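Sequence lines set the chain letters: A, B, ... in the order given, protein chains first and strands last, and positions in each chain run from 1. What you are looking at is a predicted structure, and each value in this text was computed from that prediction instead of being measured.
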Amino acid sequence: MIAKIIYQELEKLCEEAQKEGILPEQVKKRFQVEPPKNEAHGDYATNIALSLAGQAKKNPRELAAWFAERLAFRQDLFEKVEIAGPGFINFFIAKKYWQRVPLEIEKAGENYGALELGAQRQIQLEFVSANPTGPLHIGHGRGAAVGDTLARILAMAGFNVQKEYYINDVGRQMQILGRSVYLRAKELKGENIDFPEDHYRGEYIKDIARALLETKPDFFNLPEEEAINLAKEFAVKEILDGIKKDLEDFGVTYDVWFSEKILHEETYIEKALSFLREKGLLYEKDGAIWFKASEFGDEKDRVVIRASGEPTYFAADIAYHYHKFLVRGFDEVVDLWGADHHGYVPRMKAVIKAFGLKEEQFKVILIQMVNLLEGGRLKSMSTRAGEFVTLRELINEVGKDATRFIFLTRRADSPLDFDVELAKKQSRENPVYYVQYAHARLASLFRKAEEAGITPPKANEVDLSLLKYPEDFAILKLLDYFPDTIEAAATKFEPHLLTFYLLDLATALHDYYTKYRFLSEDLAYTRARLVLAKAVKQVLKTGLNLLGVSAPERM
RNA sequence: GCGCCUGUAGCUCAACCGGAUAGAGCGUUGGACUUCGAAUCCAAAGGCUGGAGGUUCGAGUCCUCCCAGGCGCGCCA
């Protein structure tokens, strides 16, 4: 949080500088406050003078001196403020400031890190949204982990978040699903079937057919078309139930399961298209209806109604986003898509602009591929029997915690190699245990303290100035940085930043643990360090919760 | 052919709207447990950030071109 405090102080000074004519009235206030790589450059540094010098036509070092002079008197915050290099301002934070951090954490408890950044704006996150034609696979798992964690982080940052799953339960693939089940059912009855190549061939289809015959013994008395329809309805429900169960066991729940059918049945497609038509953005050509996507940055216009009169998938998506923004009134909408859909982004953005919305209100996060490895070897992703590809198998074999954590150790838009053997290992190669172990170690510490008859003290009851060694400050600084991490992860939509933060905090804790004793003969130190330990434990727990990973008391 | 993403240590990845000497883990080598959990810690070695230009006080980051890999370019979903 100190970074934020400094930032705000500098902003105030900018206004002052403008009044005094040191900075021009029109000035772009673009500058950063960040921890420098080199410790000798202080705890935090800012490039404000370098960034503004050009605009102000001033010498950067002189400008830096102007800012530095006006901040140095804040002795509650700074031990030293110096100018360095071409015009950086380096801040050496007062030890007292760091030592107060445990007080803040104790006061806020599990809300430490909560922000008002979102000002309770309505934001919708749509993710996974796999077609209900089969079980979720490893790639969906990544989308689920990223989407769900992002939702938790955004909520922490003060947004009113709604999580949604879009069910594509309309269209040809649904018909094929129905037929697949229907044919498998016939097979079960003893008929010899030549199963079509383009139908769903997975084992789960047979299971569904079996269940169908059990619940509807008179199934084959229906006319074929009706039977296929029934098979379709039955299969969608079965598969969707399975998907819901898988996600639930993966720690992911949704606020809304949105059926594509609604868009057709409640005429949102017509509504959305007439909205565009009134703006003159639709036209007819070759018997089809086109949307003028090229007027909004897409490379070409796109068909929304086929010559056959059928709406395209794109039309349904237009209607879906019409519903999100103009019917339900979300301020911001975030879609998580597989990276193979990236070509679709410009046309969807075109729709948003055509609706008269701001481009920033709609964000697409692309989730890159997951390559499945076993013992370092790339496994094929075919759905052959025995292949280890479904999310369910991953949860069962590897576990929810390790799976989620691994998915969050990469930026979403970078491809991920998922090594099953490695994910199962309980060693440093598997980073989830590193963080969990830090938490369990602290839990154990408090059990030990209790055994020794020491009640963990309140932060205001101990002498926090005893937290004065480099390793104390390393931890305190990281704890202070937790809210900044939440902010960065939320504004950049990058949940992996939190994962890396937790690894850093765990490292600092493990390091401390081997160098110092928490429980010792010296009661004053013992009490101060228990306060520190409690603060670390709280932040680890909050952080792990945000990742949807458990924070075990023992392991 | 056009567009998007990626290219950083042997391997897997970081690097916060351009910041100071590019950081971790794994692996390798060598070390640390009679004391709070060794699922831990410490140290060493390891780099022309794919290549070439450019922009500026300053580039892994921005621009142009090239190379390599992935993906996308339907009246499919």
- Does A:R410 make a side-chain N or O approach to OP1 or OP2 of B:rC13 shorter than 4.0 Å? yes
Is the distance from OP1 or OP2 of B:rG25 to the nearest side-chain N or O of A:Y433 less than 4.0 Å? no
**Asked** Closer than 4.0 Å, any side-chain N/O of A:K300 to the OP1 or OP2 of B:rG74?
**Response** yes
Do any side-chain nitrogens or oxygens of A:R411 fall under 4.0 Å of OP1 or OP2 in B:rA15?
yes
- request: Tell me whether the OP1 or OP2 atom of B:rU21 has a side-chain N or O from A:K37 closer than 4.0 Å.
  value: no
Taking a pair to mean Watson-Crick or G-U wobble geometry with both distances below 3.5 Å, B:rU64 pairs with B:rA52
### Task
Would you check if A:H341 stacks with the base of B:rG72, given a 5.5 Å centroid limit and a 30° plane limit, both strict?
no
Tell me whether the side-chain N/O atoms of A:Y513 come closer than 4.0 Å to OP1 or OP2 in B:rG37.
yes
When rounded to whole Å, the NE2 to C1' distance for the pair A:H199 and B:rA77 reads 16 Å
For B:rC75, the nucleotide meeting Watson-Crick or G-U wobble distances (both under 3.5 Å) is none
* Asked: Under 3.5 Å, is there an N or O donor on one side and an acceptor on the other linking the side chain of A:Y344 and the base of B:rC73?
  -> no
On RNA chain B, more 5' by nearest nucleotide between A:V33 and A:E260 is A:V33
With a cut-off of less than 4.0 Å, is there a side-chain N or O of A:Q436 near OP1 or OP2 of B:rA39? no
message = Can you tell me whether the side chain of A:N90 and the base of B:rA20 have a donor-acceptor pair closer than 3.5 Å?
response = yes
Whole-Å distance, A:I318 CD1 to B:rC75 P, equals 13 Å
Flag if over 12 foreign heavy atoms under 6.0 Å of NZ, A:K292
yes
Do the side-chain N or O atoms of A:S444 get closer than 4.0 angstrom to the phosphate oxygens (OP1, OP2) of B:rG37?
yes
Practice item. Considering only atom C1', compute the distance from B:rU56 to B:rC63 and round it to an integer number of Å. Key: 13 Å
What I want to find out is whether A:E332 reaches A:K363 closely enough, with some N-O distance under 4.0 Å, to be called a salt bridge. no
Tested for ring-ring contact (aromatic ring centres under 6.0 Å, His included) against A:H510, the lone hit among A:Y434, A:Y433, A:Y516 is A:Y434
| task | Classify the side chain of A:H342 versus the base of B:rC5 as yes if they form a donor-acceptor pair under 3.5 Å and no if they do not. | result | no
Below 4.0 Å: OP1/OP2 of B:rC57 and any side-chain N or O of A:R61
no
Re B:rA43: Watson-Crick or G-U wobble partner, both distances kept under 3.5 Å, found to be B:rU29
May I ask you to verify if any side-chain N or O of A:R302 is less than 4.0 angstrom from the OP1 or OP2 atom of B:rG74?
no
Query raised in the report: Counting heavy atoms not belonging to A:E450, are there more than 12 under 6.0 Å from its CD?
Result: no
When A:Y434 and A:A339 are each assigned the nearest nucleotide of RNA chain B, the 5'-most assignment goes to A:Y434
Here the distance between atom P of B:rG18 and atom CD of A:Q32, to the nearest Å, is 7 Å
task = May I ask you to verify if any side-chain N or O of A:H496 is less than 4.0 angstrom from the OP1 or OP2 atom of B:rA15?
result = yes
In whole angstroms, the gap separating C1' of B:rU12 from CD of A:Q368 amounts to 16 Å
> How about A:Y283 and A:F291: are their ring centres within less than 6.0 Å of each other?
Replying inline: no
Practice item. State whether A:R306 places a side-chain N or O below 4.0 Å from either non-bridging phosphate oxygen (OP1 or OP2) of B:rA77. Key: yes
When you compare the ring of A:F500 with the six-membered ring of B:rA14's base, are the centres less than 5.5 Å apart and the planes under 30° from each other?
no
Between NE2 of A:H439 and C1' of B:rA39 the distance, given in whole Å, is 16 Å
Closer than 4.0 angstrom, basic N to acidic O: yes or no for A:K477 and A:D43? yes
The Watson-Crick or G-U wobble partner of B:rA22, with both key distances under 3.5 Å, is none
Whole-Å distance, A:N47 CG to B:rC16 C1', equals 12 Å
Give one of base, sugar-phosphate or nothing for A:N38, where a contact means two heavy atoms less than 4.0 Å apart. base
For this session: For A:A45, answer base if it contacts any base atom (sugar-phosphate contacts may also be present), sugar-phosphate if it contacts only those atoms, and nothing otherwise; contact means non-hydrogen atoms under 4.0 Å.
Result: base
Might you work through the ring-ring contact (aromatic ring centres under 6.0 Å, His included) test for A:Y469 and A:Y512, ending with a clear yes or no? CA-CA 10 Å; A:Y469 299 104; A:Y512 193 92; 8.6 Å; no
query = Can you check whether A:R529 has a side-chain N or O nearer than 4.0 Å to OP1 or OP2 of B:rC36?
reply = no
